[in-house]
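Just below is one structure, and these are the notes that go with it.
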2 protein chains.
Amino acid sequence: MKTILVIEDKKEVRENITEILKLAQYRVVQASDGRQGVALARSVGPDLILCDIMMPELDGYGVLHILAKDPNTARTPFIFLTAKVAPEHLRNGMNLGADDYLTKPIDNIDLLAAVELRLKKVEQMNQPVEQPGLADFLNALHQVDGCPYSTLRYSKKQILYAEGDTPANLYYIRSGQVKHVKTDASANVVITALSGAGDFVGLPGLLSDVPCTESAEVLHNAEICLIPQAELLTLLTSHADIGAYFMRLLASDVRQRDERLLKLAYQPVRKRVVEALLLVYRKFYSLPDDLVITPLGQDVRSAPFMTLSRENWAQLVGASMETVIRVLSDLRAEGMIKLSGSQITLLDIDRLTRLKH
Amino acid sequence: MKTILVIEDKKEVRENITEILKLAQYRVVQASDGRQGVALARSVGPDLILCDIMMPELDGYGVLHILAKDPNTARTPFIFLTAKVAPEHLRNGMNLGADDYLTKPIDNIDLLAAVELRLKKVEQMNQPVEQPGLADFLNALHQVDGCPYSTLRYSKKQILYAEGDTPANLYYIRSGQVKHVKTDASANVVITALSGAGDFVGLPGLLSDVPCTESAEVLHNAEICLIPQAELLTLLTSHADIGAYFMRLLASDVRQRDERLLKLAYQPVRKRVVEALLLVYRKFYSLPDDLVITPLGQDVRSAPFMTLSRENWAQLVGASMETVIRVLSDLRAEGMIKLSGSQITLLDIDRLTRLKH
DNA sequence: CGTAGCCTTGATGAGAGTCAATAGAAGTGG
DNA sequence: CCACTTCTATTGACTCTCATCAAGGCTACG
């Protein structure tokens, strides 16, 4: 129920208005002079204010002037009530920021119409503007031409950002594959994540102010959009849905890493290698039909085999390269995969998936 | 620069108004009848519309009626210009939703004042409401009484949420310690994170719609605020700064996990045990002075030793309990720590920090 | 045709997990 | 308050996975 504050010194008029408003299902708060009106406006926080102009103590102009300065009441629609019909008075009130102006004797219909309209207007204003949201943002990234962000082609082994960099962009992968690696003092490397078409890269780095603690390197020739940090921040603050989307992405990143943490801690290398094979396969070579994104027309699934250096596999598994090679040889001997150079083909995905150890 | 659309059929009046507005540094678009006015309003998207009432083709009421229904123009302030001063006409216009009403002959000062005021009003409305933001949100969580969220006391071993749950709350730890664990099919457990006073727990779980893949368990008696999911979502959409804050938290979570992934993959148990000791010490027992949060008056640093079961240490390190115990015995033999039951005291933090293997 | 960069296989040993038995600590109930 | 149970910590013995070092093969490319 909406609350309306009526500020009017003449009791009769005030109660008459109150009665009508109450009949129309509004909650009404009455003030008999300007000073009291301001106090009530502040304490009650009405949804709309009806205010007489000519009053003792503090007149209507004064009330509006005061309330317009208070951020808590500045947005409340304010309607003047008065007998004055001279144009210059009307101007006076409107130029102070009143939203409407009812002249006495007040017609009931006019009163209710004016009140209802102003309440509706406020409601309308408070609804978030229908801005281009998440969907448009994502679509824009796929525009072949007219994409609002600069798009670059990267070739194998190029670095998007390295540890220690202060990143200036968020990267959106239109096509290609990117690995995120983290290196320690003894030059040990793990691949912390893989990104493919449709993924964003570099978000955690952009959000913390400290320099990157990981680097991103292109695995296969890629086409990547750069979204400047400033632009990203604007998007995030102005579009709640885009913020929510990125938050979900981060949340899922956290989960994926937890998963890997658990596996790394307790599963033998053999199992981890198989998981890595399936991970890469699912990520890059076998998207479910409804998720296939082929912005440039190529069907990623058509790739007959996976190509990743043994070193990369090792970094993904978290084991030495020799060990990974041995496991791969075993799997080949068991007829589950085919190896030819750096190309690996999964021959029996079912068996790999069911593999217990 | 603001754009103003002037809809007026009389060329002389229109150009006069245009001239004045241009002098006042507005961009002006002119329409000579209502139909054209509507078209221009839609294509140009002006910041304010001045519109005559009496016009051929489509009169001012009609223009307002149409534009008020179009979500793209409904928010644009609309000012009527007319010679009509009869109150009922004024009502007519205002009840359609006009924001002001200037009577001809138009006084330049009034025109500029009215235009400026309405533009200012829109700007004011578009500014996000000065709601309590991030700082207030965080403060509210620490209110001993009057905390807007229900606060519960949890005792050791209580579960906040378990794997498979669909979480309904975000948890804020006012005091105490919580561990996040992840379990696999063979009942292996890793602690993926530790949370203490001032941390939020359960964010990733709330953001993805799939059930939890980890669980959270209280380590030491804790006092925890529950923030309902719905409330959180409201906060996130309405307060960009709170959203940004949580995003940063998630980003830092991702980084921490990457860090652990690397260490788990390549560092020997001994090193990992030492890291875990220092991690827990830094997290729970030696906050830098400016970060000590003692909402309930207790100084966490005063704890003389760390208490965590050997099993927990093992899960944190990602190694078997026996192995961890052996490493701890070694460290004791080397004089770096003191063991008495489940209590561990760090005797030589410097040496532990510098330890290479 | 040579060379650099991968990939592969072998031998070896240290690190870390498992199982099992014992020693303390911390509750529990009479 | 003490005996009893139950959990938790510790130590030992054994096994096995996996990293390391080393050497040889394969492939691609100039």
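Side-chain atoms are counted along with the backbone in the values below, which use heavy atoms only and exclude waters and symmetry mates.
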Original post:
A:Y172 and A:Y149: aromatic ring centres closer than 6.0 Å?
Top reply: no
Rounded to the nearest angstrom, tell me the gap between atom [atom1] in [X] and atom [atom2] in [N].
X: A:Q315; N: D:dA19; atom1: CD; atom2: C1'; result: 16 Å
X: A:R332; N: C:dT9; atom1: CZ; atom2: P; result: 6 Å
X: B:R270; N: C:dA14; atom1: CZ; atom2: P; result: 17 Å
X: A:I325; N: C:dT8; atom1: CD1; atom2: P; result: 5 Å
X: B:Q343; N: C:dA26; atom1: CD; atom2: P; result: 7 Å
X: B:M321; N: C:dA16; atom1: CE; atom2: C1'; result: 15 Å
X: B:Q267; N: D:dC18; atom1: CD; atom2: P; result: 19 Å
X: A:D330; N: C:dT8; atom1: CG; atom2: P; result: 12 Å

About how many Å separate [atom2] of [Y] and [atom1] of [X], when rounded to the nearest 0.5 Å?
X: A:L308; Y: A:I191; atom1: CG; atom2: CD1; result: 6.0 Å
X: A:L352; Y: A:L278; atom1: CG; atom2: CG; result: 5.5 Å
X: B:Y266; Y: A:L264; atom1: OH; atom2: CG; result: 9.0 Å
X: B:D165; Y: B:T213; atom1: CG; atom2: OG1; result: 11.5 Å
X: B:L170; Y: B:F246; atom1: CG; atom2: CZ; result: 5.0 Å
X: A:R255; Y: A:L250; atom1: CZ; atom2: CG; result: 13.5 Å

May I ask you to evaluate whether [X] reaches the phosphate of [N], defined as a side-chain N or O under 4.0 Å from OP1 or OP2?
X: B:S342; N: D:dA9; answer: yes
X: B:T323; N: C:dG15; answer: no
X: A:R326; N: C:dT8; answer: no

Subject >> B:V269 or A:K157, whichever maps to the more 5' nucleotide of DNA chain C >> reply: A:K157
Subject >> Check ion pair A:D184-B:K263 (N to O, under 4.0 angstrom) >> reply: no
Subject >> Salt bridge A:E311-A:K179, side-chain N to carboxylate O under 4.0 Å >> reply: no
Original post:
NA contact type, A:S320, heavy-atom cut-off 4.0 Å: base, sugar-phosphate, or nothing?
Top reply: base
**OP:** Mind checking B:K156 for me? I need base, sugar-phosphate or nothing, with any heavy atom below 4.0 Å counting as a touch.
**Re:** nothing
Original post:
Could you run down nucleotides 24-30 of chain D 5' to 3' and tag each one B, S or - for protein heavy-atom contact under 4.0 Å?
Top reply: -------
Original post:
Minimum heavy-atom separation for B:G164 to B:P211, with atom names?
Top reply: O-CB, 3.4 Å
**OP:** Looking only at side-chain atoms of A:E322, point me to the closest of C:dC7, D:dC21, D:dA19.
**Re:** D:dC21
**OP:** Taking only heavy atoms on the protein side, list every residue of residues 179-191 of chain A lying under 4.0 Å from any atom of DNA chain D, sorted numerically.
**Re:** none
